[in-house]
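One structure is given below, encoded as C-alpha cells.
By convention in this document, chain letters (A, B, ...) are assigned in the order of the sequence lines, proteins followed by strands, and residues within each chain are numbered from 1. Model, not experiment: these values are computed from the prediction.
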Protein chains: 2
Amino acid sequence: MVQLERYVRRYDLDGLLSADLVASLRPFRRGPGELIIRSGDPVRDIVFFVEGRAKAYGTMNNGQSVLAAFYAPFDVFGEAELFSSRRYALSVEAITGSICLCLPVDALLKAAPRNYRLFMYLCGRLGSKLTDRFAAESINLRYPVESRLASYLLASTDDCGRLLGTDDLGELADFLGASYRQLARVVRRFRDDGILDKSRGRVRLIDRRKLAPLAGDSYIQTGTNVKPGSFSK
Amino acid sequence: MVQLERYVRRYDLDGLLSADLVASLRPFRRGPGELIIRSGDPVRDIVFFVEGRAKAYGTMNNGQSVLAAFYAPFDVFGEAELFSSRRYALSVEAITGSICLCLPVDALLKAAPRNYRLFMYLCGRLGSKLTDRFAAESINLRYPVESRLASYLLASTDDCGRLLGTDDLGELADFLGASYRQLARVVRRFRDDGILDKSRGRVRLIDRRKLAPLAGDSYIQTGTNVKPGSFSK
DNA sequence: CCTTCGATAGGACATACGTCCTATTTTTGC
DNA sequence: GCAAAAATAGGACGTATGTCCTATCGAAGG
C-alpha cells in the first residue's frame, strides 16, 4: 500500500487542499511504459504526480506523435482540460515506476470555494506549461535541428553531462519535432566535433562550451516549476 | 470616457469578481497597431479584453516572430505569467480599436480567498490556450504548409468565406510558421484550383469543400472560449 | 499623364529534411 | 557459441521550404 500520508506531508498538500479534498485523494502506481493518462478519456480526476518520471505526448490523425514534456514530481496532470474540453488532450506515460494521487473532479468542484489556493497553484502551473510550450514550439518552428539539439542539450543537461529529459534518440526526435534520421545526422556531426558521446541510441554531453554558439533561443530550463508551497501561507 | 459599467454587465464580471475587485478595474483604449501588452514587462495587471480584435506574438533572439493567437472579446491576457515568470511572455497588439479593463495584480492577490471563481475561469481559459497551442504547434511541425493552410482556412472562416483570424499573407505566414514565399506558392496553387481568391496580399475562401481532403489534423475552431458566465452560479 | 516609389508576385537556386532502403552491429534464444 | 532476430547506423534520393533577387503592378505625387 502506498504511503499517502507521506506524500501529503512531503508536498505540503494539506496547505494546498481543504481537509475533505485531502481525504478524497486516491493513490495509484504505474510501471515503466504504462499509461497514467490516456488521451481522449473524459476528465474524472486531477492527477498529482508524486513519484517517478513521466512524459506527455499527443498523437495526430496521421499517426505521428509529438512529445510535449517530461515530468518529475511534484506536478499535476489534467488541469488543462478540467474546465475546457473535459477530455484529456495528451497521453501521459510513466518512464520509471511512478506514483500518482487522484483527486476526483466532482469532489473538487463541490469544495471549490474553500480551495482558491489550489486554483492559484493550477493557474501557476498552467501558466508555465503554456509559456514553456510556446517557447519550445517557436524554436522547433524557426531553427534547424542542429540549433534545437544544441538548445536542448544546454537546457536539460546536468554538470556531469547527463540528460535530464531523455537520452534516447527516438524520443528526442519526437520532442524536437524532427525525424530520427535527421537527428542522427546532427548527432553524428556533434560527435565528430567532440561535443557529445553516443552509443546505442543514447547520448551524453561532453563539451558544454562548444554548444553555446550553435544554440539560438533556449528551451526553458527543465524544472521551472511553481512549487505548491508558494501558496501555503 | 469608457463605459466601464456596461462591460461589467455585458460580461457578467460581477459574477466573476468580488465587488472590491470590480471597483478596482481600470479601463484603457488602444488604436490599431498599438501594443496592449509589451513582452518582457513585469506583470502588474491582469487584462480583460472587452472590445476589438487583437493578436499575440512572441519575438525570438534571431528577430523572427511567431504568431500565437488572435483574440476577440471576451478574453484575458497576463494570466499565464501571473504566478510563474511574472513577466509578460508575449506581446499583444490591437488589430482594431480595442478596449481593455486592467485588474491590478496586488488587488487580486489581496482578494484571492473571495475570488475562487475568477481562478476557475482563469484555469479554464489557460487550459484552452494550452491545448489549442499544442494542437496548432503539432500541425505546424508535422504537416506541410499546404495542409496547414487548408486546416487554417477550414477552422477560421465563416460561411461567406471571410477570414476570422487574418487575411493578410504576411501575418498568416507567421501564424502558420512558414515563410511568406512558401505560403505564396501554396496560395497560388489553391487559387489555380479555384479554392480561394487573392488580390493584393489578401485572401478569401471560395470553395470550402475542396479543402477537407487537403487538411490533416485541424486547428481548434477559433472561439472555443470558456465563458465567464459558466462559473457565475 | 507621366514619373517615382512602395508593395506584390514570382523565378532561380541552395539545402535542410524526410522517406526508403541496406549494411552493420548488438541482443536474444537455443 | 552460433543462428536468428532486433536494433542501430548510414547511404541515396526526392522535395518542401527558405533566401535572394528581379519584374510587375498599383498608388502617390507633381
Side-chain angles (χ1 to χ4, degrees), chain A residues 32-33 60-67 136-152 163 166-193 195-204 214-217, chain B residues 33 60-67 136-152 163 166-193 195-204 213-217:
Chain A
M60 319 193 62
N61 293 338
N62 62 4
Q64 295 188 87
S65 69
V66 180
L67 238 183
E137 172 196 358
S138 304
I139 294 175
N140 286 343
L141 219 51
R142 301 296 192 176
Y143 286 93
V145 175
E146 172 170 295
S147 309
R148 293 183 232 167
L149 179 59
S151 300
Y152 178 82
L163 278 286
T166 186
D167 61 351
D168 177 272
L169 282 193
E171 278 191 338
L172 206 44
D174 277 346
F175 186 74
L176 298 181
S179 66
Y180 184 93
R181 186 66 191 86
Q182 180 64 10
L183 182 61
R185 273 192 273 254
V186 175
V187 165
R188 174 80 141 87
R189 220 179 306 147
F190 278 17
R191 192 182 52 176
D192 290 349
D193 296 349
I195 296 177
L196 54 75
D197 193 27
K198 185 185 69 160
S199 66
R200 200 113 18 80
R202 311 260 142 186
V203 290
R204 200 168 50 82
L214 298 174
D217 287 59
Chain B
M60 318 194 60
N61 293 337
N62 61 5
Q64 295 187 88
S65 68
V66 179
L67 238 183
E137 171 195 359
S138 303
I139 294 175
N140 285 344
L141 218 50
R142 301 296 193 177
Y143 286 92
V145 175
E146 171 170 294
S147 309
R148 292 183 232 166
L149 179 59
S151 301
Y152 178 81
L163 278 287
T166 186
D167 62 350
D168 177 273
L169 282 193
E171 277 191 340
L172 206 43
D174 276 347
F175 186 74
L176 297 180
S179 66
Y180 184 92
R181 185 66 190 88
Q182 180 64 6
L183 182 60
R185 272 192 274 254
V186 176
V187 165
R188 175 80 142 86
R189 220 178 307 147
F190 279 17
R191 193 182 49 177
D192 291 349
D193 295 350
I195 297 177
L196 54 74
D197 193 28
K198 185 184 69 161
S199 67
R200 197 101 24 74
R202 311 259 144 186
V203 290
R204 200 168 50 82
L214 297 174
D217 288 60

Please list each protein N or O that sits under 3.5 Å from an N or O in nucleotides 5-7 of chain C, with the distance.
none

All N/O contacts under 3.5 Å from nucleotides 16-18 of chain C to the protein, with atom names and distances to one decimal?
| from | atom 1 | to | atom 2 | distance (Å) |
| --- | --- | --- | --- | --- |
| C:dC17 | OP1 | A:Val145 | N | 3.0 |
| C:dC17 | OP2 | A:Val145 | N | 3.3 |
| C:dC17 | OP2 | A:Gln182 | NE2 | 3.0 |
| C:dG18 | OP1 | A:Ser179 | N | 3.3 |
| C:dG18 | OP2 | A:Ser179 | N | 3.0 |
| C:dG18 | OP2 | A:Ser179 | OG | 2.5 |
| C:dG18 | N7 | A:Arg185 | NH2 | 2.8 |
| C:dG18 | O6 | A:Arg185 | NH1 | 3.4 |
| C:dG18 | O6 | A:Arg185 | NH2 | 3.1 |

[X] [atom1] to [N] [atom2], straight-line distance once rounded to whole Å:
X: A:Arg188; N: D:dA9; atom1: CZ; atom2: P; result: 10 Å
X: B:Leu149; N: D:dA16; atom1: CG; atom2: P; result: 15 Å
X: A:Leu169; N: C:dT25; atom1: CG; atom2: P; result: 18 Å
X: A:Glu171; N: D:dT8; atom1: CD; atom2: C1'; result: 16 Å
X: A:Arg189; N: D:dG11; atom1: CZ; atom2: P; result: 13 Å

Short side-chain to backbone donor-acceptor contact, [X] and [Y], under 3.5 Å:
X: A:Asp168; Y: A:Gly170; answer: yes
X: A:Arg148; Y: A:Gly177; answer: yes
X: B:Arg142; Y: A:Ser65; answer: yes

What distance do B:Tyr180 atom OH and B:Asp174 atom CG have between them, rounded to the nearest 0.5 Å?
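That separation rounds to 12.0 Å.
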Once you round to the nearest 0.5 Å, how far does OG of A:Ser138 lie from CG of B:Asn61?
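The CG atom of B:Asn61 is 11.0 Å from OG of A:Ser138, to the nearest 0.5 Å.
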B:Arg191 vs B:Val203, test: side-chain contact (heavy atoms from CB on, under 4.5 Å). Steps then yes/no.
CA-CA 9 Å; B:Arg191 193 182 49 177; B:Val203 290; over 6 Å; no
Could you tell me whether the side chain of [Y] reaches within less than 4.5 Å of the side chain of [X], counting heavy atoms only?
X: B:Arg204; Y: B:Leu196; answer: no
X: B:Ile195; Y: B:Arg189; answer: no
X: B:Val145; Y: B:Arg185; answer: no
X: A:Leu149; Y: A:Leu214; answer: no
X: B:Thr166; Y: B:Tyr152; answer: yes

I want to check one thing: is the phosphate of C:dT8, taken as OP1 and OP2, less than 4.0 Å away from some side-chain N or O of B:Lys198?
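For C:dT8, OP1/OP2 do not have a side-chain N/O of B:Lys198 under 4.0 Å.
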Global bending angle along the helix from C:dC1-D:dG30 to C:dC30-D:dG1, which compares the axes of five pairs at either end, to 10 degrees:
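The value is 30°.
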